[in-house]
Number of protein chains: 2
Amino acid sequence: MGTTPPTRPVSVKDVAAAAGVSLGTVSNVLNRPEKVAESTRTRVARVMSELGFVRNESARQLRAGKSRVLAYVMLDASNPFFHDVARGVEDVAEPEDLVVFSCHSDQDALRERTYLDRLAQQRVQGVLVTPVDPDSAALVELSERGTPVVVVDRVSAPGRLCSVAVDDVRGGRIAVEHLLERGHRRIAYIGGPERIGQIRDRRTGARLALEQAGLPPDSLVELATESLTVAEGIEAGSRIAGLSGDSRPTAAFCANDLVALGLLQQCVALGVSVPGDLAIVGYDDIDFAAAAAVPLTSVRQPRRELGRRATQLLLDEATNPDHVHDQVTFVPELVARASTSHS
Amino acid sequence: MGTTPPTRPVSVKDVAAAAGVSLGTVSNVLNRPEKVAESTRTRVARVMSELGFVRNESARQLRAGKSRVLAYVMLDASNPFFHDVARGVEDVAEPEDLVVFSCHSDQDALRERTYLDRLAQQRVQGVLVTPVDPDSAALVELSERGTPVVVVDRVSAPGRLCSVAVDDVRGGRIAVEHLLERGHRRIAYIGGPERIGQIRDRRTGARLALEQAGLPPDSLVELATESLTVAEGIEAGSRIAGLSGDSRPTAAFCANDLVALGLLQQCVALGVSVPGDLAIVGYDDIDFAAAAAVPLTSVRQPRRELGRRATQLLLDEATNPDHVHDQVTFVPELVARASTSHS
DNA sequence: TGCGCGTTGTGAAACCTTTCACCTCGTCCC
DNA sequence: GGGACGAGGTGAAAGGTTTCACAACGCGCA
């Protein structure tokens with residue numbers, strides 16, 4: 001027994017012929033079963049399963065003019081944060097009988113662009129995207145050409161697109177305020193690359209907190225990283241451990257939890273006590289943060305809610321002719337744990 | 001300036017009219033530009049961009065009978081392992097001008113089933129899937145109905161599907177052999193749920209190693225977990241730390257790195273020295289493993305290569321009429337690090 | 001002049017589903 | 001008994017793209 005020869009897929013026409021009814025009736029069984037007599041309906045249904053009929057979504061979509069697919073373009077699949085957002089997207093999409101496909105831009109503007117183009121060609125119902133550059137004209141263009149777009153975790157082109165974000169400036173501020181309250185004065189900010197807006201905003205918030213405390217905003221010790229990964233956190237840990245007593249910061253605020261966890265691990269490995277020698281605050285409050293060897297203080301964002309709200313906006317844009325673009329901003333909160341406790 | 005009114009998208013017909021050529025010519029510009037005179041071609045191209053023409057992939061696909069989309073159904077998006085596999089998939093898909101969409105079954109057979117159905121309806125070129133149950137009839141059915149399927153990270157229905165896997169029994173064996181060489185005799189296996197094949201195979205390998213060393217196979221201390229997450233690893237750590245001296249294992253082999261990292265963190269937190277009091281071996285060698293506070297010994301799988309090879313098989317099945325199903329098995333290797341070093 | 005050839009462009013058909021106006025029966029009621 | 005009505009069913013049209021047989025045209029050559 002080998003492979004079945006590549007036979008043409010079964011169409012409604014085949015089903016109609018085999019069941020001895022018309023095309024329209026088969027379609028009615030599929031779409032308006034209450035319009036079809038019980039006996040006919042079961043007969044057609046049986047034929048369908050015997051023949052292995054599978055609806056052709058392309059044809060359906062061509063006729064309907066729109067698809068039953070949502071897409072989520074992720075900025076960084078290695079960061080669990082975005083998976084939690086994705087889960088929120090599914091929470092809302094599933095009851096609407098929509099299917100969610102994910103793509104991964106990996107912080108690459110070109111990849112992102114390619115995916116957006118493909119998705120437009122697919123005529124997806126809408127696109128959720130955490131963009132490399134929220135001010136990219138491509139997003140507004142896509143939206144104006146008829147593919148609803150919601151920007152997630154960034155504020156974008158006010159009035160021209162919907163967006164759902166968390167106030168990153170505030171997040172940065174409360175993180176550093178927390179460290180200041182704990183008595184720290186030499187504070188490092190670890191993050192990069194510069195072009196990512198979240199990273200800039202969190203730093204802005206950090207500086208703001210210093211300023212309000214009467215410290216010069218440039219007292220923030222900045223350690224730039226190539227990306228927000230565990231590896232970069234480890235690297236930063238080595239750099240910090242290498243600093244001599246006075247110039248070494250007593251606390252570090254990391255642009256996300258992956259960096260913070262890397263930093264934490266390297267500190268443990270190099271004998272730098274956390275929080276004794278170095279207090280650490282992360283960002284995102286991913287599940288890993290609470291579970292670290294020294295549980296990590298972090299800025300929590302309502303990740304899943306972010307995905308939910310974004311999807312609601314997307315669906316409104318897709319279906320409501322009176323849709324008005326909305327910019328939702330959530331407020332982050334600080335979750336204090338051992339990595340910043342009084343020693 | 002508000003939103004553009006929801007106008008009908010631009011079709012080839014519109015472009016043809018605006019450019020003063022026929023439908024067929026527009027299509028030729030798109031698909032066989034060398035057949036069109038230079039002047040016509042540039043004129044049509046200009047009109048396209050002026051009008052904002054976007055190809056309708058549904059119609060294209062309807063006509064062509066197949067799509068330019070590959071799908072990857074992930075078992076567990078929170079495990080970086082699968083993202084590395086996905087990267088391998090893209091390595092191969094991108095040059096072929098195929099777009100890769102990911103879905104997340106989250107180890108839920110129903111979710112998996114729903115996605116597979118949707119993908120069949122979408123008439124995707126093919127599906128890569130790490131299934132909850134590789135022996136599920138649904139996979140073979142999908143394949144026989146014309147959607148190429150390749151099973152990733154599992155061996156499935158020999159001769160009826162392609163699959164690309166890593167020898168998990170061998171992986172389990174070398175992990176435990178390594179611990180035996182280090183002198184350990186009371187070894188724990190931490191993993192679950194039972195229904196996941198990888199988990200059973202790795203345990204089988206572990207028992208095999210004990211057997212070969214002349215120890216009874218049931219000398220393996222089994223700690224079942226609900227899932228393979230950091231949280232479960234932490235939970236397991238508490239249980240192990242709670243055991244009194246003699247009954248406590250001196251080494252633990254974890255079914256994946258997430259569990260191992262959770263275990264490791266909890267040991268550090270509870271003052272159980274690693275590897276002194278407990279040696280730990282993980283599985284997958286995710287980037288996090290090398291970066292842990294105590295770098296983790298782990299069983300490495302060629303993740304990206306797994307994705308690449310699987311995609312090659314998928315494309316062969318999709319395009320080559322003489323395709324023969326193939327079962328590729330890679331050999332895992334042990335990466336020894338501090339978590340099992342001689343203390 | 002007439003023929004053939006190559007280049008360029010044309011337009012109808014096909015892909016599969018859904019919808020909608022319309023047809024055909026029985027039933028029921030006056 | 002005739003008309004209205006409702007339930008059940010029909011079949012053509014539409015949606016956007018690609019393909020393919022074919023037409024139109026200019027040109028060189030006999």
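By convention in this document, chain letters (A, B, ...) are assigned in the order of the sequence lines, proteins followed by strands, and residues within each chain are numbered from 1. Scope of the values below: all heavy atoms of this structure, side chains included, with no hydrogens, waters or symmetry mates.
Every pair passing salt bridge (Lys or Arg N to Asp or Glu O under 4.0 Å) that includes a residue from residues 117-132 of chain A is listed here, sequence neighbours excluded: A/R113-A/D117, A/R118-B/D97.
When the C1' atoms of four end pairs are superposed on the next four at each end of the helix from C/dT1-D/dA30 to C/dC30-D/dG1, using five pairs per end, the two resulting axes differ in direction by 60°, to 10°.
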Whether each nucleotide of nucleotides 8-18 of chain D has a protein heavy atom under 4.0 Å at its base (B), only at its sugar-phosphate (S) or at neither (-) is summarised, 5' to 3', as SSBB-BBBBBB
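For B/E96, the side chain to side chain contact (heavy atoms under 4.5 Å, CB included) test picks out B/L98, B/L315, with sequence neighbours left out. Shown here are the side-chain hydrogen bond (donor to acceptor under 3.5 Å, both in side chains) partners of A/S22, two or more places apart in sequence or in another chain: A/T25.
The nearest pair of heavy atoms linking B/P148 to B/L314 is O-CD1, 3.5 Å.
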Atom pairs and distances, side-chain donor-acceptor, residues 128-142 of chain B, under 3.5 Å, sequence neighbours left out:
from	atom 1	to	atom 2	distance (Å)
B/T130	OG1	B/V152	O	3.1
B/D133	OD1	B/D135	N	2.9
B/S136	OG	B/A138	N	3.1

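Counting only N and O atoms by type, the side chains of B/Q327 and B/S163 include a donor and acceptor under 3.5 Å apart.
Tested against B/R303, the residues B/D153, B/D91, B/D84 include a single salt bridge (charged side-chain N to carboxylate O under 4.0 Å, His left out) partner, B/D84.
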